[in-house]
Amino acid sequence: MTIQLHDTMTGAARELVPLEPGHVRIYSCGPTVYGPAHVGNFRSFLFADLLVRYLRYAGLRVTWVMNITDVDDKIIKGAGAEGVSIAEISKRYREGFLQDGRTLGMTVPDVMPRATEHIPQMVELIGRLLERGNAYRTDDGSIFFRIASWPEYGRLARLDPEGMRVGERVEADDYGKDDVRDFAVWKGPRADEPSWETAIGPGRPGWHIECSAMSMAYLGPSFDIHTGGVDLIFPHHQDEIAQSEAATGQTFVAYWLHCAHLQMGGQKMSKSLGNIDRVGDVLGRGISPRALRLALVSAHYRAPLSFGEDSLAAASSAVDRLDALFAALAAYRNDCPDDATLPALLDGTRAAFEAALDDDLNISPALAAVFELVRELNRRIDARQLSTADAGRATDFLRGLDRVLGIAPVAEETLDAELQKLLDDRAAARAGSDWSASDRLRTVLAGRGILVEDTRDGQRWRRA
RNA sequence: GGCGACGUACCCAAGUGGUUAAGGGGGAGGUCUGCAAAACCUCUAUUCAGCGGUUCGAAUCCGCUCGUCGCCUCCA
C-alpha cells in the first residue's frame, strides 16, 4: 500500500516516502489563543488529525507537533482591553482549545510547543539569518527578513514577487523596512507590549519565526509534512520556508498539505465576516460531538466544505445509523454456523477503505465503503445469517476502521444500576405481555437518554 | 488586475476516457412489528452549468461563455 499526498509546492500528488523510514514527522499550524477557535479552525485541525490517525493505522510511527501561538498582536490587544496579562488570556483560550479538541475526538499532538517558551530557539535562528545577510535591523530594534536575498520567494503560492511590489494591498510600513515586502522576524520593544531581553536585543518574535524555530526544534531542520489552512500558504508558510531554508541551507519540508476552507452561507467561515460557529454553539443546539466531527471531516480536505444546519442534520442521521448498527450487533444472538461469506465482505470493505484513504486521504469513498458495509450487515442481521461470533467480528472490524474516523459510539458494556433496573423491569413486563408497563418504562428510559428498541432477541438500547 | 480551485439529483458529495453515474441526508410507497423504533426492499440524475471541438466512445480531454469560491492583507 502506498500513500499518495498532494503537495502544494509541486501542485501534484506523490507517494509519501518518509525521510526516516517508517517514521513520519508532521508539524501543524495550531491556534492563536486570543479567543475561542471556531469550527472552521477545527476543520483544519481535524484534517491533520485524520492524517495522523491514518498514518498510524497504516503502521507508521508518527511524531506530530502542533504549536500554540501565545504571543501576538491580537493577544496583546485582548489582554490590554481586559487589563490582564497575555499569559492569562492565552491560558484561558489554550485550555478552551484543548477542551474542544477532546470533545471532537482530536488526537492529542505529541508536542504542543508554545511560542513564549521557545524564545531562545527563535533568537538563535534570527542570529543565523543576520550573520548570513538574510535579515537586517531597523532603527526601532526590529529585524526583517530580506525578500531580495531569497530568489525562491513566492514559489509556494505561485506568486510573482515583482507583482507584489507596493500594491495597495501590501501593508503600510510601520517599522521602517527597506522593502515593503520584507517581513518581521523580530519586533522591537514598545512601551505597552511584552518584551524579552535577548542576544539580538529586546523585543518580541514575529509570527512566522515561531513555526520555523519550533518545528525545527522538535522535528529537525528537514521534516516530512507541514499542514495548515489554505489561507496560510501566503504569506505564513512562504515566510517559514524562506527563513528556515536561508538559515539551514536544507529543504525545510517535503510535503505541504493545505486544507480548504469551511464554508457557511457560501463564503469561508471567518471571524472577520462574522459567519462563525463555535464548538460550544453547535453542541448547544443539540448536535452530538461525533456528528459535528463527521460534518467537519466528511469531505475531501482540499475541497471547500459546506457547513450549516443541513450538513449537521445529515451527519447526525448518519451517526445515528452507525449507533443503531452497533447496538444491533451488541444485542444480536444466534446460535448457528458462522456466515461463510462474512470474511470476504469485511476484506472487501477494508480494501476499498484503504484504497480511498491512500489516495490523498479521499475520505468520501472510504465513508461510502463503511456505509455499504453497514447496509450489508443490517441485511444479514435481518436475515439471521450471522452467528453471535460473527456479530462480534463485525463490531471489532468496524472499531478497527474507526481508529481512523473517530465517529463510532463509545463502547459501553454496562449501564449504571438504576438504568439497568428499569431495563430489567421492562423486560419482565414484556415477558408478561404487560404492554402499558412496557411502554411507560420505555418513555421513562427515553427521558434518561436511553433509546430502547424491541427485537426477537429481546430489547436493545443505545444512547440518544 | 495577477494566480488558483470549482460548477454532478431537493441538499451534501464521490466518480477525471469505456459495464446499470458511489455514499450520506431528505422525500414517496412497501415489508416486518402489540405499539414504537430500528432495519430491509422499491422509486427519487437517459444525465453531469451552457455551447462548440477531439475521439469508435467524455461528466471525465481541449476551447469559449456564464456563474461561484479562495489567495494576492491578519486569517485554519
Side-chain angles (χ1 to χ4, degrees), chain A residues 8 11 28-32 34 37-48 72-74 154 157-164 167-172 207 227-236 238 258-263 266-273 294-295 298-325 327-328 331 352 356 362-383 430 433-436 438-439 442-443 446 451-456 459-460 462:
Chain A
T8 303
S28 297
C29 280
T32 297
Y34 70 101
H38 57 70
V39 295
N41 300 134
F42 274 103
R43 183 196 188 188
S44 87
F45 302 142
L46 290 179
F47 141 63
D72 97 314
D73 295 352
K74 288 174 181 164
R158 291 170 181 70
L159 289 174
D160 174 8
E162 295 305 310
M164 298 163 49
E168 314 96 76
R169 316 206 71 158
V170 176
E171 197 180 346
W207 176 36
T227 76
V230 288
D231 49 5
L232 296 186
I233 295 172
F234 192 90
H236 185 54
Q238 179 61 76
H258 292 102
C259 176
H261 285 132
L262 191 64
Q263 306 234 142
Q267 286 183 299
K268 87 170 195 181
M269 180 178 290
S270 76
K271 207 170 177 181
S272 54
L273 285 169
L294 179 59
S298 61
H300 183 87
Y301 75 90
R302 283 189 292 109
L305 172 59
S306 302
F307 181 85
E309 292 313 308
D310 288 354
S311 73
L312 288 169
S316 294
S317 295
V319 166
D320 285 347
R321 181 166 166 75
L322 216 45
D323 289 1
L325 175 64
N362 193 359
I363 195 166
S364 289
L367 287 171
V370 170
F371 281 97
E372 279 170 23
L373 176 64
V374 168
R375 189 193 309 116
E376 194 52 46
L377 289 172
N378 277 322
R379 270 188 200 134
R380 290 169 193 230
I381 287 170
D382 282 3
R430 294 185 65 74
S433 294
D434 183 351
W435 306 129
S436 65
S438 167
D439 291 350
R442 181 167 60 201
T443 304
L451 300 179
V452 186
E453 293 162 0
D454 297 307
T455 75
R456 60 179 284 178
Q459 62 187 183
R460 67 184 182 216
R462 61 190 163 99

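Chain identifiers are assigned alphabetically (A, B, ...) following the order of the sequence lines, protein sequences preceding nucleic acid strands; residue numbering begins at 1 within each chain. Treat the numbers as computed from the prediction; the structure is a model and nothing was measured.
Residues passing the side chain to side chain contact (heavy atoms under 4.5 Å, CB included) test with A:A331, sequence neighbours excluded: A:R460. Under the side chain to side chain donor-acceptor pair (under 3.5 Å) criterion, A:T443 pairs with no residue, sequence neighbours left out. For A:R430, the side chain to side chain donor-acceptor pair (under 3.5 Å) partners are A:S438, A:D454, not counting sequence neighbours. In this structure A:T8 satisfies the side chain to side chain donor-acceptor pair (under 3.5 Å) test together with A:H258, sequence neighbours excluded. Residues satisfying the salt bridge (charged side-chain N to carboxylate O under 4.0 Å, His left out) test with A:R375, not counting sequence neighbours, are none. Looking at residues two or more places apart in sequence or on another chain, you find no salt bridge (charged side-chain N to carboxylate O under 4.0 Å, His left out) involving A:R43. Contacts of A:R302 classified as side chain to side chain donor-acceptor pair (under 3.5 Å), with partners at least two apart in sequence or in another chain: A:D360.
Rounded to the nearest Å, the gap between the C1' atom of B:rA45 and that of B:rC10 is 12 Å. B:rC41 and B:rG25: their P atoms are spaced 13 Å apart (whole Å).
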Polar atom pairs (N or O), protein with nucleotides 27-29 of chain B, under 3.5 Å:
none

Detail all sub-3.5 Å separations between protein N/O atoms and N/O atoms belonging to nucleotides 4-9 of chain B.
none

Do any N or O atoms of the protein come closer than 3.5 Å to N or O atoms of nucleotides 15-25 of chain B, and which pairs are they?
residue, atom, partner, partner atom, Å
B:rG15, OP1, A:N362, ND2, 2.9
B:rA22, O2', A:E372, OE2, 3.0
B:rG25, O3', A:S317, OG, 3.2

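Evaluation of atom-type donor-acceptor distances gives no pair under 3.5 Å for the side chain of A:D231 against the base of B:rG70. Not a single donor-acceptor contact under 3.5 angstrom links the side-chain atoms of A:D73 to the base of B:rC74. Under 3.5 Å, the side chain of A:R43 and the base of B:rA76 form no donor-acceptor pair of N or O atoms.
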Inset, instruction - Go ahead and write out RNA chain B as dot-bracket, 5' to 3': ( ) for pairs within the strand, [ ] for ones crossing earlier pairs, | when the partner sits on another strand, dots for unpaired; Watson-Crick or G-U wobble, both distances under 3.5 Å. - result: ((((((((.[[[..)..(....]]]((((((.......))))))....[[[[[..)....]]]]])))))))....
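Residue A:R379 places at least one side-chain N or O under 4.0 Å from the OP1 or OP2 atom of B:rC41. The side chain of A:N378 contributes no N or O atom lying less than 4.0 Å from OP1 or OP2 of B:rA39. Considering only side-chain N and O atoms, A:K271 lies nowhere under 4.0 angstrom from the phosphate OP1 or OP2 of B:rC74.
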Inset, instruction - Assess whether salt bridge (charged side-chain N to carboxylate O under 4.0 Å, His left out) is satisfied between A:D382 and A:R379, documenting all intermediate values. - result: CA-CA 5 Å; A:D382 282 3; A:R379 270 188 200 134; over 6 Å; no
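Listed by first and then second residue, the side chain to side chain donor-acceptor pair (under 3.5 Å) pairs involving residues 307-323 of chain A are A:R285-A:E309, A:R290-A:D323 (not counting sequence neighbours).
At distances below 3.5 Å, at least one donor-acceptor pair connects side-chain atoms of A:N41 with backbone N or O atoms of A:H38.
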